[in-house]
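Notes for the one structure printed next.
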Number of protein chains: 2
Amino acid sequence: MASHNSKATIWDVAAEAGVSITTVSRYMNGTQRVGPAASEAIERAIRKLDYLPNANVRSIKLRQTRTVAIIVPDISNFFLARVCRRVEHLLYQAGYALIIGSTGNNVEKEHRCIRSMLERRVDGLLISSAGQNNDLLRRAAADGLPMVLFESPQPDLGGVDYVLEDNRANARLITRTVLEHGHRKISFLKGFAHSTLAEERWLGFCDALAEAGLAPEDALVWENCRDRTDCAPVLEALRRQPGLFTAVIASTPEQMKFLVMEARRQKVSIPGQLSLTGFGIEDYTALFPFETTCILSDPLANADALVALILHRMAQARDGENFGEPQRRIIPCRFAQGDSVGRV
Amino acid sequence: MASHNSKATIWDVAAEAGVSITTVSRYMNGTQRVGPAASEAIERAIRKLDYLPNANVRSIKLRQTRTVAIIVPDISNFFLARVCRRVEHLLYQAGYALIIGSTGNNVEKEHRCIRSMLERRVDGLLISSAGQNNDLLRRAAADGLPMVLFESPQPDLGGVDYVLEDNRANARLITRTVLEHGHRKISFLKGFAHSTLAEERWLGFCDALAEAGLAPEDALVWENCRDRTDCAPVLEALRRQPGLFTAVIASTPEQMKFLVMEARRQKVSIPGQLSLTGFGIEDYTALFPFETTCILSDPLANADALVALILHRMAQARDGENFGEPQRRIIPCRFAQGDSVGRV
DNA sequence: ATGAAAGCGCTAACAC
DNA sequence: GTGTTAGCGCTTTCAT
């Protein structure tokens with residue numbers, strides 16, 4: 001079987017059609033009218049040779065790749081998968097392809113991902129960064145690369161666009177709800193240690209507690225819960241020591257899911273024995289065996305904002321315009337009133 | 001702010017370091033020794049200029065992009081998201097980047113996705129095709145593009161590698177289980193109309209029925225169930241006409257999920273009033289409020305096979321070797337014995 | 001160990 | 001309307 005280097009080039013098409021490569025180029029891109037005779041000959045040659053222009057070569061003259069990159073901690077995460085799907089679709093409609101990098105919250109991998117995207121000269125970069133690579137990102141931004149960050153704010157990385165949710169306010173709101181239901185012993189599951197997203201949710205929790213004259217209790221705070229095995233101990237503790245806490249707040253949809261699974265396994269009834277709330281996603285938390293009271297993120301709205309911003313920046317970059325003020329879009333979340341938080 | 005065309009080239013580095021571009025190239029790629037003095041000067045120049053080689057330009061000389069594409073109906077689908085995550089990771093480790101296309105089972109979009117990937121000269125293509133683009137795929141394969149199909153077999157597209165599950169046998173197995181539990185009125189949810197994957201599962205269902213001397217009843221077969229709204233009528237029918245069927249088999253994990261959600265909403269107890277089974281995924285069906293009896297697909301095993309095959313083919317293509325026999329890997333599924341199928 | 005120069009496949013002035 | 005030609009930024013003979 002032939003190696004696929006056997007691809008036809010514009011020269012082959014030109015020769016076959018008996019015209020110059022310029023004419024072929026013009027025909028392909030519609031940059032200029034070409035005569036009907038030539039058109040037909042070229043069309044025939046293209047079909048005969050199965051000609052497909054080489055986009056990489058094109059990109060070097062055009063100085064744009066019509067590719068944007070998205071870098072996220074985990075594409076199989078429900079929220080991010082939804083974001084990616086819509087971003088891919090919207091960009092596709094705008095004539096861009098999407099390259100995805102999934103970093104697993106590994107700083108080293110994220111670094112190499114970013115580098116790789118830069119070497120590929122993507123026209124734009126969408127990134128939910130775990131942090132620690134801000135110097136690299138800053139340089140890229142300073143170089144004029146259209147870029148929008150999302151999910152996790154990077155306080156030391158200004159001058160770029162952000163798409164965020166108000167995690168602190170939302171965490172405060174949900175915590176207040178729990179307090180209003182009479183709970184005083186409230187457990188909190190923190191997320192990935194280095195994530196500013198997780199940190200903000202934690203701060204919002206503390207805010208609400210403070211407003212009620214309370215303070216977080218060490219014994220009720222669970223660090224770095226990323227896995228089902230990280231979440232199991234929470235319910236085990238409760239069973240060992242009934243009354244240790246009456247409500248638990250999860251700071252990610254995954255944590256909620258793990259808690260639901262563990263609650264079933266360990267036969268802890270929700271909200272009977274334990275109230276559960278936190279951060280969810282529509283169409284995900286819907287599967288839980290109760291109406292979930294929680295803050296609902298909207299992946300589609302996030303994606304829409306991301307695409308709107310990056311397209312805008314890329315247009316500016318193409319036209320050599322000044323970028324102007326960095327944008328900061330806060331995507332509102334919905335407060336879902338369910339029955340997973342009971343009165344105490 | 002400067003346009004990001006302000007990128008340094010190999011010429012800039014050479015000039016800054018006082019050497020020729022050849023030397024810089026050799027230094028970057030380690031293709032040949034360069035003197036210590038030159039090395040240091042180049043290193044300094046690179047840092048100073050923030051030089052990042054242009055991968056697209058490189059690719060045209062090297063005749064490889066170190067990029068592979070994966071095209072799937074929906075990246076936010078749990079199974080595919082998991083597959084993509086692992087494929088991305090494995091390929092990344094092998095030095096390849098992954099471009100993802102999500103087609104929404106739209107033939108037109110799939111076609112343009114494939115074309116786009118070919119124009120980008122990806123070194124390999126992984127695709128779960130909805131069908132109907134087999135001529136394009138066949139030409140690509142004939143051109144020597146390493147390619148492996150998965151999920152949905154394309155009977156008219158031979159000579160390429162496949163990673164599949166034995167859907168027909170698995171559907172037969174799960175149906176037989178339902179029959180063995182005494183069910184005779186069994187409802188079946190078919191999947192996306194044009195999907196050969198869905199078709200195979202349907203055939204396996206028919207096989208088992210036939211073995212038991214039964215035949216599918218039109219009133220119990222639901223076509224083209226892709227959404228929650230497609231699944232709701234199933235349970236509504238049962239409530240309108242109790243005893244219409246005693247068990248339901250879903251042909252995709254999503255259908256199972258929708259049925260679970262609807263069962264809760266419509267207050268149909270599983271397996272009390274209705275037995276439920278079908279095709280699931282570990283860590284997904286785990287969330288259901290019962291132990292699910294079903295066939296479990298293994299996204300990781302699928303991904304491993306995909307990557308192993310494509311890497312092998314790409315190595316062959318690079319070395320100009322003959323491709324030899326097409327491979328066909330059947331990934332085994334696990335039969336999960338739960339309690340969602342009751343005795344009748 | 002280093003450099004000059006010939007491409008890779010394409011686009012875009014600039015001629016005609 | 002069409003062709004000539006000079007690049008785009010890089011790798012790679014082939015000399016030195």
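Naming convention: chains lettered A, B, ... in sequence-line order (proteins, then strands); numbering from 1 in each chain. Every heavy atom of this structure was used, including side-chain atoms; hydrogens, water molecules and symmetry mates were not.
Expressed to the nearest 0.5 Å, how far OG1 of B/Thr196 lies from CD of B/Glu151 amounts to 9.5 Å. Between the CD atom of A/Glu321 and the CZ atom of A/Arg313 there is a distance of 10.0 Å, given to the nearest 0.5 Å.
The distance between atom CG of A/Asn29 and atom C1' of C/dC10, rounded to the nearest whole Å, is 9 Å. For the pair A/Lys61 NZ and D/dC8 C1', the computed distance is 5 Å after rounding to whole Å.
One cannot find a donor-acceptor pair under 3.5 Å joining the base of C/dG9 and the side-chain atoms of B/Arg121. One cannot find a donor-acceptor pair under 3.5 Å joining the base of D/dG9 and the side-chain atoms of A/Arg63. No hydrogens or angles were tested; on distance alone, a donor-acceptor pair under 3.5 Å links the side chain of A/Thr22 to the base of C/dA12.
Comparing D/dT11, C/dA4, C/dC10 by their closest approach to the side chain of A/Asn54 singles out C/dC10.
Side-chain contact check for A/Ile70 versus A/Leu98: some heavy-atom pair is nearer than 4.5 Å.
A salt bridge links B/Arg85 and A/Asp74; the closest N-O separation between the charged side-chain nitrogens and carboxylate oxygens is under 4.0 Å.
Along DNA chain C, the nucleotide closest to B/Ile60 and the one closest to B/Gln32 are compared, and the more 5′ of them pairs with B/Gln32.
OP1 or OP2 of D/dG3 sits under 4.0 Å from a side-chain N or O of A/Thr23.
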